[in-house]
Amino acid sequence: MFAAAGILHPIGSGFLQSVPELVRAIAHLQEKCPELQQVVIKLNEAFSGEGNAVLDLRPLRPFSSLHAPDHLQRIENSPEEMAFQAPNETWVSYRQRFNTLDGIVEAFVAGNVKQSPSVQGCITPKGSVEIVSTHEPLLKPFIAKPSAFSILRCPPLA
């Protein structure tokens with residue numbers, strides 16, 4: 001939607017329905033943007049950032065091909081490289097929730113100040129849009145390691 005509207009946004013995946021799809025999408029992001037250092041994985045139907053996890057890609061540089069089975073396996077088995085927003089989250093529980101709720105992956109936007117304005121709307125049966133509410137949540141600082149990487153230098157996914 002952002003791309004269609006010409007709005008700058010982090011490089012990322014479309015809708016992912018399984019951990020194997022997530023792993024392939026991460027490898028694809030590494031291929032499209034080799035200098036990418038971190039990605040954020042977001043669960044559908046999560047709120048207040050509780051469904052977010054940041055994966056540090058620096059230890060996961062490919063040994064050979066980005067799509068080689070050994071590299072994909074390293075991505076899938078990388079919980080020690082992952083920082084979860086929800087307290088007490090583990091890769092085992094997060095993996096199960098991802099397979100149930102689905103989600104996306106996109107480049108992690110580094111920085112101390114982040115804003116996330118939000119709007120809820122209702123599309124009426126006649127096709128008009130009614131604004132229900134707007135808000136700007138107070139975002140907790142995320143525990144991922146900072147990066148100087150600029151997300152907007154990478155090409156959008158095809």
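Please read these numbers as outputs of a predicted model, since none were measured by experiment.
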_Gap separating the CG atom of Leu55 from the CD1 atom of Ile75, nearest 0.5 angstrom_ = 7.5 Å
*Please step through side-chain contact (heavy atoms from CB on, under 4.5 Å) for the pair Tyr94 and Leu43, ending with a clear verdict.*
CA-CA 9 Å; Tyr94 191 86; Leu43 295 175; 3.7 Å; yes
_Holding to side chain to side chain contact (heavy atoms under 4.5 Å, CB included), I want the full list of residues that pass it with Ser128, two or more places apart in sequence or in another chain._
Thr124
*Once you round to the nearest 0.5 Å, how far does CG of Leu22 lie from CZ of Arg95?*
9.5 Å
*Shared hydrophobic cluster for Ile104 and Val109 (ILVMFWY, side-chain gaps under 4.5 Å)*: no
*Under a single-linkage rule joining Ile, Leu, Val, Met, Phe, Trp and Tyr whose side-chain heavy atoms are separated by less than 4.5 Å, which residues share a cluster with Ile123?*
Val129
_Between CG on residue Leu16 and CG on residue Leu101, distance to nearest 0.5 Å_ = 13.0 Å
*Which pair of non-hydrogen atoms, one from Pro59 and one from Arg74, has the smallest distance, and what is that distance?*
O-NH2, 2.9 Å
*Check: Leu72 main-chain N/O paired with Arg24 side-chain donor or acceptor under 3.5 Å*: no
*Can you tell me which residue pairs pass the side-chain hydrogen bond (donor to acceptor under 3.5 Å, both in side chains) test with a partner in residues 98-111, sequence neighbours excluded?*
Lys42-Glu106
*Looking only at heavy atoms, which two atoms of Ala107 and Pro10 are closest? And how far apart?*
O-CB, 3.7 Å
*Should we say atom CD of Gln96 is surrounded by more than 12 heavy atoms from elsewhere, each under 6.0 Å from it?*
no
*asked:* How close do Ser133 and Gln120 get, counting heavy atoms only, and between which atoms?
replied: OG-OE1, 2.5 Å
*asked:* Within this structure, what is the CZ-CG distance for the pair Phe108 and Asp56, rounded to the nearest 0.5 Å?
replied: 10.5 Å
_Tell me whether Gln30 contacts the main-chain N or O of Leu60 through its side chain, where contact means a donor paired with an acceptor under 3.5 Å._
yes
*Indicate the atoms forming the closest heavy-atom contact of Ala53 with Phe84, along with that distance.*
CB-CD2, 3.6 Å
_Working to the nearest 0.5 angstrom, can you tell me the gap between Glu76 CD and Trp91 CH2?_
7.0 Å
*Straight-line distance of His28 NE2 to Cys33 SG, nearest 0.5 Å*: 11.5 Å
*Is there a side-chain contact between Leu57 and Gln37, using heavy atoms and a 4.5 Å cut-off?*
no
*Provide the closest heavy-atom pair for Ala25 versus Val105 in the form atom of the first, atom of the second, distance.*
CB-CG1, 3.8 Å
